[in-house]
Protein chains: 2
Amino acid sequence: MNVRTLCLGVLAVAEASGYEIKKEIEEGHFSHFIDASYGSIYPALIQLHAEGLLTVRAEEQTGKPDKKVYGITEAGRRALAKAVSEVPAKDKFRSEFLFQMLMQPLLTPGAMLNAIDKQLRDLNDDLSRIAECQRKEQPHAGGQFVAGYGKAVLTAAVIYLEQKKAELLREAVAPAAE
Amino acid sequence: MNVRTLCLGVLAVAEASGYEIKKEIEEGHFSHFIDASYGSIYPALIQLHAEGLLTVRAEEQTGKPDKKVYGITEAGRRALAKAVSEVPAKDKFRSEFLFQMLMQPLLTPGAMLNAIDKQLRDLNDDLSRIAECQRKEQPHAGGQFVAGYGKAVLTAAVIYLEQKKAELLREAVAPAAE
DNA sequence: CCTCACATGTAATGAGTTACATGATTGG
DNA sequence: CCAATCATGTAACTCATTACATGTGAGG
C-alpha cells in the first residue's frame with residue numbers, strides 16, 4: 001500500500017493533521033510495520049484533497065502553529081475500501097539484520113553480538129509500543145488482531161535471538177578456557 | 001542494504017551470472033526477506049565491475065545462451081565487509097497484510113478469511129523454501145542462523161493466524177444459529 | 001505450436017527519502 | 001541559550017520496478 005492509502009486509513013479512524021498522521025504511524029498500531037516521511041505525507045494529503053477524498057479545516061492554535069485538520073469524505077471511504085480489498089503483493093520482511101547475519105564470516109564475533117543486541121533492543125521497543133497502544137486505546141477489532149500478530153512474531157524473534165546470543169557467549173568462553 | 005551490496009553478498013559465496021543471482025535471491029536463504037529484479041541486478045553488476053569490485057568471464061554454453069559469470073575481487077570483499085559492518089536502519093516488517101487487517105471494518109468476513117488464507121499460504125511457502133534450503137545445502141553458520149530465525153518467526157505467525165481463523169469461523173457459525 | 005526456462009540488457013516511470021526552508025514556544 | 005516539539009511545505013535525488021527488446025532450445 002502507498003502513502004495515499006495509508007493516510008486514508010489513518011483518517012478513516014479520526015481526523016488529523018499531517019503532523020498527527022506521522023505521529024500515529026510512528027507510535028500507533030502501524031509503527032512496527034510501516035514508515036512514512038513528511039515529504040510523502042504532505043503531498044499525498046494535498047493531492048487527496050484536490051481529488052475530493054478529503055476535507056480540510058484550518059485550526060488556529062495559541063502558542064503553536066496553526067494546523068490543517070483533514071477528514072475523510074464518503075468518496076474517500078470508498079477509495080480506501082477499494083484499495084484495501086485488492087489482493088496485496090506477498091509480504092517480505094526486508095531485513096537488514098538478517099542480511100548482516102547471513103554474512104557472518106565477514107563479521108567479528110563482537111560485531112555479531114552488537115548487531116544481535118541492537119536487534120533485540122529494536123524488537124523490545126516494538127513490543128513496548130504495542131503494549132502501550134493496547135493500554136491507552138479502547139481496542140477495536142483490527143487493532144487487536146494486528147497487536148496480537150505483532151506480539152506473537154516479535155516475541156518469537158526475541159526468544160530465538162536470546163537463545164542464539166547465549167550460545168555465542170558460551171562458545172566465546174569455551175575455546176578460551178582450553 | 002541495496003542491490004549492489006546484495007550482489008556482492010551472493011558472489012562472496014560463489015561466482016554466478018546475473019540470472020543465477022536472481023534465482024539465488026528467489027530460492028535461497030534470501031528468499032523470505034529480500035527481493036530484486038533484473039532491472040536492478042544487471043546495471044549493478046556492470047557498475048560493480050567497472051569499479052573493479054567484480055571480475056567477469058564469458059561462458060559459452062551449448063543449447064543455452066552464453067552467460068557472463070561474475071566473481072568477487074579482494075576490493076569487492078573489502079567493500080562488502082565495510083557495508084555489512086555498518087549499523088543498519090531499524091527493520092520494519094512492511095506488511096500489506098497487517099494493513100489490510102487493521103482496516104477490518106471495511107472488509108467483509110469472507111474477504112477477511114480470504115486474506116488470512118492467502119497469508120497462511122505465503123507463510124507456508126516460505127517455510128517450505130527454508131526447509132528445502134537446509135535440506136540441499138551443507139549448512140554454513142550464517143545460513144543456519146537465518147533459517148532458524150525465519151522458521152521461528154514464520155511459525156509463530158502461522159500459529160497465530162490459524163488460531164484467529166478458527167475463532168472467526170466459530171463466530172460466523174454461532175450468530176447464525178441464534 | 002506454444003510456452004517455459006535460459007540469458008542479458010535498456011528506458012520510462014514511479015514512489016519514496018533526504019535535505020532544505022521557515023518559524024513560534026517551552027523547558028532544561 | 002539551546003534543544004526539542006509543534007507545524008507545513010518544496011525540490012533534488014535515490015533507488016528500484018515495470019515494461020520493452022531480443023534470442024535459443026526443449027518439452028508438452
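Note that the coordinates shown come from a computational prediction; the quantities given were computed from them, not determined experimentally. In the text below, chain A, chain B and the rest are named by the order of the sequence lines, each starting its count at 1.
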Tell me whether B:V153 is reachable from A:I159 by hopping between hydrophobic residues (I, L, V, M, F, W, Y) whose side-chain heavy atoms are closer than 4.5 Å. no
Heavy-atom closest pair, residues A:V146 and B:L98: CG2-O, 3.5 Å
Give, for atom CZ of B:R57 and atom OG of B:S17, the distance between the pair rounded to the nearest 0.5 Å. 10.5 Å
Please give me every residue in residues 11-26 of chain A whose heavy atoms get under 4.0 Å of an atom in DNA chain C, ordered by residue number. none
Is the shortest distance from a Lys or Arg side-chain nitrogen in B:R4 or B:E51 to a carboxylate oxygen in the other one below 4.0 Å? yes
Atom-to-atom span, OH of A:Y70 to P of D:dA7 - whole angstrom: 14 Å
Less than 6.0 angstrom from the centroid, inside 45 degrees of the normal: does B:K23 satisfy that with respect to the ring of B:Y19? yes
For chain A and DNA chain C, what are the first and last nucleotides along the strand, 5' to 3', with at least one atom under 4.0 angstrom from a heavy atom of the protein chain? C:dG16 to C:dT25
Note: for A:D66 and A:I46 on DNA chain D, the residue whose nearest nucleotide lies more 5' is A:D66
Is any side-chain heavy atom of B:I116 closer than 4.5 Å to one of A:F145? yes
Could you check whether the rings of A:Y38 and A:Y42 sit parallel, tilted or perpendicular, using 30° and 60° as the cut-offs? parallel
Verdict with supporting geometry, A:D122 and A:K118, salt bridge (charged side-chain N to carboxylate O under 4.0 Å, His left out): CA-CA 6 Å; A:D122 287 346; A:K118 182 188 171 286; 2.9 Å; yes
Is the shortest side-chain N to carboxylate O distance from A:D117 to A:K165 below 4.0 Å? yes
When you compare the protein's N or O atoms with those of nucleotides 17-19 of chain D, which come within less than 3.5 Å of each other, and at what distance?
from, atom 1, to, atom 2, distance (Å)
D:dT17, OP2, B:S37, N, 3.2
D:dT17, OP2, B:S37, OG, 2.8
D:dT17, OP2, B:S40, OG, 3.0

Need the bend value for the helix from C:dC1-D:dG28 to C:dG28-D:dC1: angle between end axes, 5 pairs each end, nearest 10°. 40°
The complete set of side-chain hydrogen bond (donor to acceptor under 3.5 Å, both in side chains) pairs with one or both residues in residues 99-110 of chain A, sequence neighbours excluded, reads none
Rounded to whole Å, please give me the gap between NZ in A:K67 and P in D:dC6. 10 Å
Would you give the length of the straight line joining atom CG of A:L6 to atom CD1 of A:I34, rounded to the nearest 0.5 angstrom? 5.0 Å
Search all heavy atoms of A:L54 against all heavy atoms of A:I72 and return the closest pair with its distance. CD2-CA, 3.9 Å
ring-ring contact (aromatic ring centres under 6.0 Å, His included) partners of B:F99, counting only residues at least two apart: none
Spacing of A:N2 atom CG relative to D:dA16 atom C1', expressed in whole Å: 16 Å
